[in-house]
Amino acid sequence: MTSRYNEVYQEWQAAPMAFWAHAAVAIDWSKPWDKVFDADDGPYGRWYAGAECNTCHNAVDRHVQNGRADQVALIYDSAVTGTQRKITYAELLSDINALAAVLTDKGVQKGDRVIIYMAMVPEAVVAMLACARIGAVHSVVFGGFAAHELATRIDDAKPVMIIATSCGLEPGRVVAYKPMLDKAIEQAVHKVKTCLVLVRSQQPHALVEGRDFDYAEAVAAATGREIACAAVKATDPLYILYTSGTTGQPKGVVRDNGGHLVALAWSMGAVYDTKAGDVFWAASDIGWAVGHSYIAYAPLFIGATSILYEGKPVGTPDAGTFWRVISEHKVKVLFTAPTAFRAIKKEDPKGEFIGKYDLSSLKYLFLAGERADTDTIKWAEEKLGVPVIDHWWQTESGWPMAANPAGLGMLPVKYGSPTVPMPGYDVQVLDDAGHPVKRGELGNIVVKLPLPPACLPTLWNADQRFRDAYVTEFPGYYKTADAGIIDEDGYIYIMSRTDDIINVAGHRLSTGAMEEVLSSHPDVAECAVIGIADHLKGQVPCGFIVLKSGVTRAESEIEQDCVALIRDKIGPVAAFKMALTAKRLPKTRSGKILRGTMQKIADREPWNMPATIDDPAILDEITAVLNARGIGVKND
Ligand code: COA
Ligand code: AMP
């Protein structure tokens, strides 16, 4: 099939407003828009200004009304508990209605924030959709974050309620969420008055009298009640999703209702070649953007079936678990992070588990979240015999900025490139002074404003932070903070971040936030955290600490403290296992720590002596510290 990509991209370029007005026909609106795009509203404009809609109606009610009541909407497959549950659109609607009734009874109103701190259980998706139904703004916090991170989000979002599970289940260990919830509520300045706790049998927990309510009991009592979908403005926030910024204060990415509905529904057909009735599986977590967009929302927007998988790619119980899920539920499209495939490839290099399952339903594998290495792509292509599509996006965009659009007909694959920009994204490469670079030259990847529907219109209660972070450095453009190349054929290559974000097993983390935590240790004078190459997780953090003079405790003890401190303050997801004591840190003459050079040394990459270095001998000291620990051989 010849690709329609060029034709469709040009159609968008020629008439962007008409393009997005046309795409919006797929959505039910209770009030039409006054303007497809209002450039005067918000830091750079807002989509579908004046329109009203409801996200839950579009995800669930309309499918029940239009003949999909008995189709499965959500398949919960828990490899960690060995249970499965299929939930039809009608059942999903009933569950959402009951929870919406509970929320309403407990005083949650349109515009109020509700934090969701839950494991990968169907009730988490029900909670997101129940909030959407009544116009409340949800903020899902990933279970791998510690109490302190949850407290930071409580203070920023100021929720009226938190919906939580008593625990999450990691292979071989129950992660008690409830004590972390209690600790976070205690730490936060903003006081949360109501919690709804889904008590799981693996970790029953005492509820706090007057504050905590049992989810199952409350919902059972409300079953059968109906709560009408609230009409919200297209520009009203649907959710806030916190993501790593350059400091310990995460950025509250805002997603609106209208633009999100339109762009995500469009992407399902054009990018993922998925239609109503197909089975779509995003093997991610609802705590991340991928989980929001492609587990909880987009498949439901178009009447497809979405898989909610609780487990890992390996170890639950083996490297064949993904193939089991695909064959049992007839998955058409699998979307995950390259790290998941690296984990499978490591356990089962010959792909022996693959042969044990019928994978004839699978048509595509999509990878995103981090750079997809060519070895992994080729391995997956060879073993699965389907197109493997690397595509590029960010929490901020909420849907792919670049992809090989399967639904429009695929373009030739170039390994190492997530292919071409999607309609809505005018992607360019600029030098540091803001001038376009020549084709094929490395530079800052930016997107010409306005961003398309579904991209963040701003940060939660922080318009100025939005401007400072994204649109000030390159006026007229959104700064992606990725560096890369566009080649002669218009293919994009994402090479690295230009800020201090690192990508650990597809999880986005801030080394700046880790440095803030390390600096709080009483024996640490200064520190630097860098991301070093890891053959499984892509990158892992490595922290160098310089001790205060006069400290007499053993270095190894302080290093262990630092590892424990990051786990306690940020969470296990940071995967921070390496704290190394150094005598001094390499700096420029103006005092800037040379993190980039340290990273190159650790990764055994070629590096040049920085012209501005204060004392070149310190780099030898750093090399010696790394060598002494055997770090930096990409752990082959
Ligand atoms: N709740 C509590 N703890 C969690 C958690 C959760 N939801 N998710 C992860 N953790 C913990 C893990 O148990 C682990 O703890 P440990 O240090 O005690 O072992 C730590 O956080 C790091 O987790 P992770 O980065 O997931 O590493 P892993 O070694 O457990 O698994 C992979 C490695 C590659 C199998 C795993 O990262 C994976 O499946 N990735 C898929 C990619 C993905 O989901 N990306 C999201 C964006 S698309
Ligand atoms: P997140 O906000 O967690 O989705 O992380 C977004 C960042 O992950 C991007 O800015 C990139 O640095 C990186 N990323 C996502 N997808 C890709 C990809 N396909 N190739 C390279 N890097 C990617």
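Just so you know, residue 1 is the first one in the sequence shown, and it goes up from there. Only this structure's heavy atoms are used, side chains among them; waters, hydrogens and symmetry mates stay out.
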Test item: side-chain donor near acceptor, [X] and [Y], under 3.5 Å:
| X | Y | value |
| --- | --- | --- |
| Y117 | S139 | no |
| Y242 | E149 | no |
| T419 | S417 | no |
| Y76 | E310 | yes |
| Q84 | E328 | yes |
| T55 | N58 | no |
| N503 | Q539 | no |
| H391 | N404 | no |
| D431 | N444 | no |

| said: Assess whether a salt bridge exists between D278 and K275, defined as any Lys/Arg side-chain N lying under 4.0 Å from an Asp/Glu carboxylate O. | reply: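 Salt bridge present between D278 and K275.
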| message | Does the plane of the ring in Y239 sit parallel, tilted or perpendicular to the ring in Y297? Use 30° and 60° as the thresholds. | response |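 Ring orientation of Y239 relative to Y297: parallel.
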| said: Using 30° and 60° as the class boundaries, would you call the ring planes of W288 and F142 parallel, tilted or perpendicular? | reply: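 W288 vs F142 ring planes: tilted.
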| Within 45° cone of Y364 ring axis and under 6.0 Å: K332 NZ or CZ |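 The answer is no; the distance or angle limit is not met.
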| request: Please confirm whether K479 makes a cation-pi placement over Y470, using NZ or CZ under 6.0 Å from the six-membered ring centre and within 45° of the ring normal. | output: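 Not flagged: K479 not positioned over aromatic ring of Y470.
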| field | ring pair (Phe, Tyr, Trp, His ring centres under 6.0 Å) partners of W323, counting only residues at least two apart | value |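 Only F341 meet the ring pair (Phe, Tyr, Trp, His ring centres under 6.0 Å) criterion with W323.
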| said: Using the rule side-chain hydrogen bond (donor to acceptor under 3.5 Å, both in side chains), only one of D534, D373, D375 pairs with R342; which is it? | reply: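 So the option named by the test is D373.
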| Does A528 have any side-chain contact (heavy atoms from CB on, under 4.5 Å) partners at least two apart in sequence or in another chain, and if so, which? |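 side-chain contact (heavy atoms from CB on, under 4.5 Å) list for A528, sorted by chain: E515, L585, I593, R595, M598.
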| task | Carefully, step by step, assess T321 and Y309 under the rule side-chain hydrogen bond (donor to acceptor under 3.5 Å, both in side chains). | result | CA-CA 10 Å; T321 187; Y309 172 75; 3.1 Å; yes
| task | Applying ring pair (Phe, Tyr, Trp, His ring centres under 6.0 Å), run through W393 and Y425 and close with a yes or a no. | result | CA-CA 11 Å; W393 53 298; Y425 297 97; over 10 Å; no
| message | Could you walk me through whether Y294 and W281 satisfy the ring pair (Phe, Tyr, Trp, His ring centres under 6.0 Å) test, starting with their C-alpha distance in whole Å, then the side-chain angles of each, then the deciding distance to 0.1 Å, before giving a yes or no? | response | CA-CA 8 Å; Y294 293 105; W281 179 20; over 10 Å; no
